[in-house]
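Every chain is numbered from 1 and lettered A, B, ... according to where its sequence line falls, protein lines coming before strand lines.
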Number of protein chains: 2
Amino acid sequence: MTSNKLVYLFKEGNAQMKELLGGKGANLSEMTRIGLPVPPGFIISTRACNMYYDKGDELLQEVKASVEEALQSLEVEMGKKFGDVNNPLLISVRSGAAVSMPGMMDTILNLGLNDETVKGLAKASGDARFAQDCYRRFIQMFADVVLKVDHIYFEKTLENKKDSYGAHDDTELTAEALEELVEEFKEIIYNQAERNFPQDPMEQLMEAIQAVFDSWNNQRAVVYRKVHKIPDDLGTAINVQTMVFGNLGNDCATGVAFTRDPATGEPKLYGEFLVNAQGEDVVAGIRTPLGIERLKEIMPDIYQEFLDICNKLEGHYKDIQDIEFTIEKGRLYILQTRTGKRTSLASVRSAVDFVKDGIISKKEAILRIEPQYIDRLLHRQIDAKAEIKHIAKGLPASPGAASGKIIFNADEAEKLSQQGIKVILVRPETTPDDIHGIVAAEGILTSRGGMTSHAAVVARGMGKPCVSGCEALSIDLEKEEFLVDGVVYSKGDIISIDGATGRVIVGEVPLIEPELSGQFREILDWCDEFRSLGIRANADNPPDALKAREFGAEGIGLCRTEHMFMVQERLPVVQDMILSENKEEREAYLGKLLPMQQVDFTGIFEAMEGLPVTIRLLDPPLHEFLPDIEELVEELTKLKALGGDSERISQLEKLLKKVRSLSEFNPMLGHRGCRLGIVYPEIYEMQVEAIIKAAVDLARKGKKVVPEIMIPLVGHAEELRLMRELVEKTVAEILKKEGQEIEYMVGTMIELPRACVVADQIAHHADFFSFGTNDLTQTTLGYSRDDAEGKFLPHYMREKVIPENPFVTLDLEGVGSLVETGVKKGKAKKNDLKMGICGEHGGDPESIIFCHELGLNYVSCSPYRVPIARLAAAQASLGKKTGGYGD
Amino acid sequence: MTSNKLVYLFKEGNAQMKELLGGKGANLSEMTRIGLPVPPGFIISTRACNMYYDKGDELLQEVKASVEEALQSLEVEMGKKFGDVNNPLLISVRSGAAVSMPGMMDTILNLGLNDETVKGLAKASGDARFAQDCYRRFIQMFADVVLKVDHIYFEKTLENKKDSYGAHDDTELTAEALEELVEEFKEIIYNQAERNFPQDPMEQLMEAIQAVFDSWNNQRAVVYRKVHKIPDDLGTAINVQTMVFGNLGNDCATGVAFTRDPATGEPKLYGEFLVNAQGEDVVAGIRTPLGIERLKEIMPDIYQEFLDICNKLEGHYKDIQDIEFTIEKGRLYILQTRTGKRTSLASVRSAVDFVKDGIISKKEAILRIEPQYIDRLLHRQIDAKAEIKHIAKGLPASPGAASGKIIFNADEAEKLSQQGIKVILVRPETTPDDIHGIVAAEGILTSRGGMTSHAAVVARGMGKPCVSGCEALSIDLEKEEFLVDGVVYSKGDIISIDGATGRVIVGEVPLIEPELSGQFREILDWCDEFRSLGIRANADNPPDALKAREFGAEGIGLCRTEHMFMVQERLPVVQDMILSENKEEREAYLGKLLPMQQVDFTGIFEAMEGLPVTIRLLDPPLHEFLPDIEELVEELTKLKALGGDSERISQLEKLLKKVRSLSEFNPMLGHRGCRLGIVYPEIYEMQVEAIIKAAVDLARKGKKVVPEIMIPLVGHAEELRLMRELVEKTVAEILKKEGQEIEYMVGTMIELPRACVVADQIAHHADFFSFGTNDLTQTTLGYSRDDAEGKFLPHYMREKVIPENPFVTLDLEGVGSLVETGVKKGKAKKNDLKMGICGEHGGDPESIIFCHELGLNYVSCSPYRVPIARLAAAQASLGKKTGGYGD
């Protein structure tokens, strides 16, 4: 008749019975089952809870019978009796659903005390003050959670009592004072609840049980379940457990301990305890706890017992445990164990150690590590021991910490950096013009822009700390200062930023250098054994490429060529090229750019020797390389108003006219990508020439180079056909002239919804697809990345209109569905089509799992995320799933 | 053994044998078959052509045998003999594939002439000059197309001959002069082709046949077939036909005639002819032809015969025929008939007349009318008889013609218009600020912007003529003038524009008023009998709504509310609302807007009484209502440089700051649509309140109103859930207060790729979907409508990178495929979901057919396109198909 059983002793349950016994109950049962000294108790099952809603009082009668039976079992085990006036058994009552849920009734301690048993407790403990204090606390809790009497009455009365006794603290109240308080508390109950405080322990218990059952359906709990889609018929269980006390003398103690050092993962007990104390005393910090190793001296037997238990628990749960314990009169009780929170470092180290100790397998170790955490291991961090107060908090746009002088101007940042002075570049927001300043700075701080603003993206790409969108900063560029909370910070002042948390701190802070530790390397090597997804990096220059390779990248998945155009000494040539009146003029300037581009590619190819390098031909609209319209208008208006140099005016007017003619309402949807290559084929021809000439030179030196030429923003198959024709023609001419053979591929970005939908047609002309999920997210969702994060997106995320920032984690239902269409249609047309993903999502663990599920060949991400990608890819191979598509 | 037959007499073929006989041959056969006096002839089949490529000379021998047989048949019929020195049979040789194809050998006339037969022709015709002229023309054509001798030699020799005889014109050359020319022509052939001109008529014919066969594979023809995907093995046929002459005396004539007036459709013969003339004389315009009715006096019997033939042909082809005829010595020959090109008016009138005469069915009449043509019937046109010379040509952005004074400023346009002066508003491009000027002007002319620029869209919506993107205009707004080809046109000068062709004309032009003629109404009524697709209109104000209803709209499918915010006297309130510092302030300004909005809706509801009205809540980003940043910067810089009023400066600085904070990099993908409603719910609440209050007021007066409230730019189901909640709550409050019941719906635009992909989730919260294909095209293709048409799109269309302007005709493969996904997913979730399409494509016939195929409930288009939509919808019901998906 198990199915009608309402009450389970701890020793009758186990960890698998969570649904019936609740999470807390199942865990207490499990510990009991494996022989740990858990204070005995029993669980009123969720089944009872559900039946209660049907049967009400009738059910309570059935429960009462089972509870009485279970209590007897406890009494036998503890050698105490419930309601006994000499040595009373005291119990705690706690709710405990299968899912943890706020709003439910929480805890009643010391249940079983009344005017008589309190004397028994005083006698048994030899401490009248302790007994009275337990009693008055019990009354207060019972009144609050069962009788719904506002706790303010009790607090007020307690205050008065302390005043009248001249006590500053509760602990200074004597047994007599507390006894008076008990009487006053009972009076409050009589006045407020219009009834007497129940003296019968069984009555106390049954009222508490009913209160827990009722709390399952209180308003806060119901709303919480609705929001979190928790079924109403899950019900809650109730845990009834024997009280143990760590404050009954010097053979008593209470404490907490981790089985390993949660900061470093070092395999040694780590924790603290207090002799003759309650759990709350450890937390309250009134007395200084002792290090757990001191227990060895004070209670050597118990220490050894505890050590054995710790080992047992770690072995059982196969992870670092965070354990609460109490010693009552020389007897050790384990009150709770849970997986210990630890640093990323400790997480990695302990996982490797567990594998070496044969406790877990490599697979388990890999699956255990949270990819997000290891990000921190790759960047400098603020020393956790330092006391830090921040003046403002922005978005954690690129992890790592940095200190330096406040500088507002990219040129100046570059100059100072060359003198060896560390600077933090502070801007309202950055533009491609600031690139050299970003390169030079230790870190970037912006007052506008989101997680995917220019500053954020560029900084992450470089592995440089960045705090963006720090709106508390009011920047005055002219005065070269910023204001926070009325305080002025000027150029040259030292600040620090923490890109992992978004904090802005005054002055310098102690930093910890990152380390790709031995254990970290080891676990990543294991990942490579398991993963099937290739990992590439996005890198636009040789240092980034080298860094990526060091981190384990198997190629470059996206080499953007526009950053090469932005280099300060090239920009004037690029601008002249754009402002050219005709093709001949344009070709002349392109001719000047050709050798520069060739040098770029040579460097990258050398760094990635033997590995594939995907180079994307020019993508951004040309006006991005030209001066800002507003600045031009301002300069021109000023010159005109003040009667300035007429030659300069006419020059500016001409420039303004051209910039205007190139400017666009929506550049993201404008004349860019392959649309440039189709209208100005000479630009792409120059780029292809530079790529192939670089490859030829290296091939002559016996170095293998695998260029993959990528055409951006293709929406119609005809676009790719034309561009492929251009590439093949250009390459053939060079190779013929050079008398050399080079293997290369031509493929395309799939970054428009249309491209996904007609991927079969496009596949016809492609050797590979690279899903550009940044732009695909922008077009699929109709979100401008540059705007959304400063405008409606924060509101959307705060109000849960959308679950996550779609520029960070791939929107599986929308964008992911289109990617899936693209993959299926591409494969259907060309079975061996190579497919990958580049863009921010390539370094996001959830998105990486999705790519694995889709059967892509590789993901490509910023060099600093390559280790994360290796881990996530391995986890995907080991069966980790995405959240999946919801409704 | 039909299957081996190589040559078919005209009388052996019919219209169905196009593939075997080519288009021309099948048509000549058909006319012969129904007993028309077609000069007899035969066809060498496409089968022969294909066999020629395998068998070469051998095949030519087989063909020769069949040709000789067929020639005998012709000789018998004509009573002449091929190569006869007394009365020679002359023939023409023409290529004729199943598909008409440039680059193929065209025509040789008068084949069969040589030094002997030319004398026979002179004798038989009694005109030696005529005979020699025929001969020299034949030699020239033969040399050109068969012997590949450059025609320049012949032309030069002809010129010399005219000079030496002092003749200005060919016709002034005598028989002797022409005979000399023949000799000289033969000499050219001997020198250039290194062979003699063939004197044997059979040899002439066989060489001509081989030349046609060879021309099927010449380079131009091969490329043409490749581009147009015409199979290479189609082959060409060859038509050999007896020559007839209209210039052998006064019992001869030649002419052309339409069976009905091609301008008006009036059922009477319409054409002209010349007595004793060749076809080219009619075209050349040297002699003035006579009206066809004069033939009745001059040759009454032949006239009657011709009339009968015309009726027969019309009855046979069931359409207006454009007929070429020749009368040789009192005998009528029909040389060609084809469907007559006619005006839209004639098209409609004749179709209706054909139905009434029982020649075609209503269905056939409906399917015959080209929807594009009838657009013209709804707008004023330039009188076709007027002689017009245009100074420039822009894009035909909105049909209709208009004349008026050049005005460069919207305010001035409004002022003059109020004084009754007609103006054409000329701007580089228009913005929402110019709306009142567009309303006031007769037509709009812009130098920038495409078919879907602001000016174009607004003008089309108002049914007002517009020529956009007229780049030849160089506008100087300060001087109030524009320059075209070095000529200055100033403010106040009169110009005319023709929005149907894009022409810009100096001075006034005679205009024809549009008319929804009786026949037009009739055919549209028939359309309504057949179509299943509903037709609604996009209208934002009562006059447009009334116009739409007059044209047959069954509701409003899209009422945009932003234009209501743009009205000049409201804009300041709207701006104050946007610049508000907090919600309270914003609500105060919204309170001022509420009664204005209510008036708008009352007017529209009244106009559409009893029909559904879909109102879209505010959609554009708020900065569209604010001043332009550049203008602000200019004013501010000027004030600062000149030390202007400091209060004004600080005011401007504040304004600039706000405008900047609202400005976006890509407004199209920015803070707009329901994102506004979610962040500023008070704006949507005000709009809903205005809608429902207007509906309640009318309901009280017994007028039925069916508001459909539409939420724009939904991408996530949660957005619609929230907005639906807001709408329902607002409505419920008002109805409760007013004590009135109103039926209404809440639906959404589907205009983002994501919305299509998750349409099932969205459908859960929607009563209807309206596919906003304008924005969906922008996001799916990644084209900014405002930019594309001025930048890369013209290049794309010119170079055929894409087949059509996707903003005019729905991109079926890309956007269409997503719409299909949206429809399927929406229906799967909610079977009775009402679905329609609004936006430009709703008025495009090809797109309308697609909507019908998808099973949408309605299309919505601008009022002036409602008749077109009714027609296209009926054609779709009658089985007309879209081009379909390619590849």
Side-chain angles (χ1 to χ4, degrees), chain A residues 629-630 633-638 640-642 662 664-671 673 675-676 678-679 713 715-719 722 751-755 757-758 760-761 764 775 778-788 791-792 795-796 799-802 811 813-815 817-818 886-887, chain B residues 629-630 633-638 640-642 662 664-671 673 675-676 678-679 713 715-716 718-719 722 751-758 760-761 764 775 778-788 791-792 795-796 799-802 811 813-815 817-818 886-887:
Chain A
I629 279 195
E630 267 189 63
V633 167
E634 207 176 314
E635 185 178 351
L636 189 58
T637 310
K638 213 182 281 175
K640 276 182 168 173
L642 303 175
L662 282 174
E664 294 178 308
F665 292 102
N666 298 292
M668 161 66 206
L669 308 174
H671 192 180
R675 299 163 195 169
L676 288 175
I678 286 171
V679 176
L713 211 71
H716 289 77
E718 178 67 7
E719 294 174 319
L722 283 170
E751 51 188 337
L752 291 171
R754 193 185 199 278
V757 171
V758 302
D760 45 347
Q761 297 176 22
H764 189 64
D775 279 6
Q778 297 197 71
T779 45
T780 303
L781 272 63
Y783 289 179
S784 167
R785 197 175 69 172
D786 295 314
D787 301 317
K791 314 271 167 177
F792 60 90
H795 181 100
Y796 264 43
E799 302 290 322
K800 301 253 176 252
V801 180
I802 56 174
D811 159 38
E813 295 182 337
V815 179
S817 164
L818 282 171
D887 182 321
Chain B
I629 278 195
E630 268 190 62
V633 168
E634 206 175 316
E635 186 177 349
L636 190 57
T637 310
K638 210 181 284 173
K640 276 181 170 174
L642 303 176
L662 282 173
E664 294 178 307
F665 293 102
N666 299 291
M668 161 65 204
L669 308 174
H671 193 180
R675 299 162 197 172
L676 289 175
I678 285 171
V679 177
L713 211 69
H716 289 76
E718 177 67 7
E719 294 174 319
L722 283 171
E751 50 188 336
L752 291 170
R754 192 183 201 279
C756 296
V757 170
V758 302
D760 45 348
Q761 297 176 21
H764 188 66
D775 279 4
Q778 298 198 74
T779 45
T780 303
L781 274 63
Y783 290 177
S784 167
R785 196 174 71 173
D786 295 314
D787 301 316
K791 315 269 168 177
F792 61 89
H795 181 100
Y796 264 43
E799 303 289 323
K800 302 253 175 252
V801 180
I802 56 172
D811 158 38
E813 294 181 340
V815 180
S817 163
L818 282 172
D887 197 327

Which of the residues [options] is involved in the greatest number of heavy-atom pairs with chain A at under 4.5 angstrom?
options	result
Q778(B), H795(B), E718(B), E635(B)	H795(B)
V801(B), L669(B), V633(B)	L669(B)
L642(B), L818(B), I802(B), I678(B)	I678(B)
L752(B), L676(B), T780(B)	T780(B)

Can you check whether [Y]'s main-chain N or O pairs, donor with acceptor, with [X]'s side chain at less than 3.5 Å?
X	Y	result
H671(B)	R675(B)	yes
N666(B)	S784(A)	no
D775(A)	E751(A)	no

Look at V815(A), V679(A), L636(A) and state which one has the largest set of heavy-atom pairs under 4.5 Å with chain B.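 Sorted descending by pairs with chain B, the first entry is V679(A).
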Which of the residues K791(A), E799(A), K638(A) is involved in the greatest number of heavy-atom pairs with chain B at under 4.5 angstrom? K791(A)
With a 4.5 angstrom heavy-atom cut-off, could you sort out which part of [X] is near chain B: side chain, backbone, both or neither?
X	value
K800(A)	backbone
L722(A)	side chain
V758(A)	side chain

Answer with side chain, backbone, both or neither: which region of [X] has an atom nearer than 4.5 Å to a non-hydrogen atom of chain A?
X	answer
L781(B)	both
I629(B)	side chain
D811(B)	side chain

Quick one: closest heavy-atom pair of Q761(A) and H764(A), and the distance? O-CB, 3.2 Å
Quick check: closest heavy atoms across G673(B) and L713(B), and the distance to 0.1 Å? CA-CB, 3.8 Å
With under 30° as parallel and over 60° as perpendicular, where do the rings of Y783(A) and H716(B) fit, or are they tilted in between?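 If you compare the ring of Y783(A) with that of H716(B), the planes turn out parallel.
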